[in-house]
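Single-structure report; data block below.
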Amino acid sequence: MKLIFILKDGSRAEVEAKAGATAMETAIRNNIRGIDGECGGCCSCATCHVYVEPVRALLLPPPDEVERELLEGVAAERRPTSRLSCQIVLSEELDGLILQVPAAQS
Amino acid sequence: MDDRLVIIGASYAGLQLAAAARDGGYAGPIVLLGDEAHAPYQRPPLSKGFLLNGGTAQPLKGPDYFAQADIEFRPGTRAVAIDRAQRELMLADGTVLAYGRLGLTTGARCRTLACEGAQLDGIHYLRTLDDAARLAAAATGVRRVVVVGGGFIGLEVAASLRTLGKDVSVIEAGERLLGRVAHPIVSRYLHDLHEAKGVAIHTRAQVVRVAGKDGRVAAVHLDDGRELACDLVVVGIGVVPNDELARSCGLLVDGGIVVDRYARTSDAHIVAAGDCARYPNPWARTPTVRLESVQSANDLARTAAATVCGRPAPYRAVPWFWSDQFSCKLQMAGLSQGWETVEVVGDPADHQFSIRYFLQGQLTGVDSVNQPGVHMQARKQLQQAVLATQ
């Protein structure tokens with residue numbers, strides 16, 4: 001399946017993704033700039049913040065309480081479409097999902 | 001090679017120094033030396049998810065990263081001496097590598113047991129991926145585990161192995177768990193949590209001897225005469241900074257490689273960062289600290305990269321840390337050492353509370369349990385407090 005990142009300069013990076021991996025792992029694996037994931041994906045740092053395309057944001061299971069609290073602390077603007085990419089588990093129905101990289105992670 | 005940046009040590013600090021230097025426009029060659037065989041990988045999961053879920057290591061960068069960033073990564077490569085006058089390193093294989101700028105990110109190594117029986121099979125330390133793989137493999141066949149050390153590594157391993165169904169005992173020499181880094185209320189909370197999950201905690205207890213049978217551990221003997229039968233011992237009694245290379249070549253070393261707030265050592269061409277480095281930190285009450293955390297390694301390495309790129313900016317990143325044990329997420333913002341007063345918010349009995357540490361009326365740190373929102377708020381507040389004064 002494919003995952004599409006909109007980078008900070010506005011360009012698009014389309015990458016191959018595996019169902020079952022998280023969006024953060026996929027970003028790191030593909031050297032997507034602007035997604036840090038400093039805690040390695042255990043929902044402790046809020047540096048893997050992304051904006052999910054509004055149309056499909058509702059397809060994702062909603063954030064749990066830990067993710068919601070961490071989202072309060074993201075460095076960039078928090079939007080209704082903000083998610084931590086370490087909590088987005090990819091599946092075939094998310095093929096072509098577009099994630100926007102925020103202006104900063106810290 | 002006047003513009004070659006050579007970095008000794010390829011974990012968080014080394015990789016971040018290389019990456020941030022390249023991102024910052026460093027134009028010369030960048031060579032990253034690591035003494036392990038693996039490309040840089042996530043370390044925090046080694047005491048947690050790796051043990052729980054049949055570990056695979058998570059690389060810190062994608063497989064194409066070094067090629068894309070034009071960074072030469074040399075695994076399995078160890079530096080044995082630095083000649084600062086010639087600006088050369090000698091590697092373990094006898095070859096010589098010239099540098100223009102040098103980054104020392106050599107990390108730390110586990111402190112080892114010194115008592116009788118310390119060489120027996122079945123005694124494990126946990127620092128590297130290979131350590132974790134050995135521990136995970138050894139743990140499958142055993143029932144009784146003794147963990148020596150009630151710090152973060154000891155407690156996380158204890159929680160993981162207990163979750164896997166082992167009988168686990170933790171031996172802590174100090175009065176309480178996490179004695180060096182947390183308030184007694186936090187120590188008590190974790191002590192109670194571990195005991196509720198069936199981990200036996202022994203504080204004010206030291207291991208004086210490890211007894212063996214056929215070359216393998218069979219029991220640990222404590223200083224009060226008690227004997228705990230066991231099949232596996234995991235030792236987490238702290239680390240020692242790898243500052244010998246620096247000391248040998250005449251750099252200023254004092255329980256770590258001493259650097260200034262720009263990550264510069266006593267040599268103008270050499271920077272240092274990570275677990276091996278001792279540096280001034282705005283949240284510390286002492287002139288320098290040596291912090292053992294992913295955040296400190298990454299942020300001091302970024303500072304070092306800015307220095308190497310000719311745009312020095314003082315280190316000003318708020319310390320933060322986390323530890324996951326059973327269902328507990330403990331998060332720490334700022335630094336609490338030397339606290340004078342504390343404010344407790346919430347009730348540990350609710351499994352959600354925080355401790356705010358004050359020194360001379362100023363908030364210096366916040367520990368929170370299962371309250372990520374409080375943690376993030378504290379980080380912001382502590383960060384802004386320092387930025388406002390500089």
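These numbers were taken from a predicted model, which means no experiment stands behind them. Side-chain atoms are counted along with the backbone in the values below, which use heavy atoms only and exclude waters and symmetry mates. Letters go in sequence order (proteins before strands), and every chain restarts at 1.
For residues 372-381 of chain B, the interface with chain A (any heavy-atom pair closer than 4.5 Å) comprises P372(B), G373(B), V374(B), M376(B), R379(B), K380(B), sorted by residue number. Within residues 50-73 of chain A, the residues having any heavy atom closer than 4.5 Å to a heavy atom of chain B are E65(A), V66(A), E69(A), L70(A), E72(A), G73(A), listed by residue number.
The OH atom of Y279(B) sits 2.5 Å away from atom OG of S296(B), with the distance rounded to the nearest 0.5 Å. Within the model, atoms CE of M332(B) and OG of S293(B) stand 11.0 Å from one another, a figure rounded to the nearest 0.5 Å. In this structure, E25(A) CD and Q42(B) CD are separated by 9.0 Å, a value rounded to the nearest 0.5 Å.
Interface check for chain A: of the options R43(B), R302(B), Q295(B), the most heavy-atom pairs under 4.5 Å are formed by R302(B). Between chain A and the residues N298(B), V294(B), N370(B), the most heavy-atom pairs under 4.5 angstrom are made by N298(B).
The two residues A17(A) and T26(A) come nearest to each other via the heavy atoms CB-CG2, 3.8 Å.
Only the backbone of P59(B) comes within less than 4.5 Å of a heavy atom of chain A; no side-chain atom from C-beta onward does.
For residues 86-106 of chain A, no residue pair satisfies the side-chain hydrogen bond (donor to acceptor under 3.5 Å, both in side chains) rule, not counting sequence neighbours. Residue pairs meeting the salt bridge (Lys or Arg N to Asp or Glu O under 4.0 Å) criterion with at least one partner in residues 48-61 of chain B, sequence neighbours excluded, are K48(B)-E156(B).
At a cut-off of 3.5 Å, with distance as the only test, a side-chain donor of D9(A) or S11(A) sits close to an acceptor on the other residue. Using modelled atom types, one finds a donor on one side chain and an acceptor on the other under 3.5 Å when comparing Y357(B) with D367(B).
The 12-atom threshold is not exceeded at NZ of K18(A), counting heavy atoms of other residues, nucleotides or ligands nearer than 6.0 Å.
The backbone N or O of C39(A) sits nowhere less than 3.5 Å from a side-chain atom of W322(B) that would complete a donor-acceptor pair.
Side-chain contact between V74(A) and P102(A) is absent, with no heavy-atom pair separated by less than 4.5 Å.
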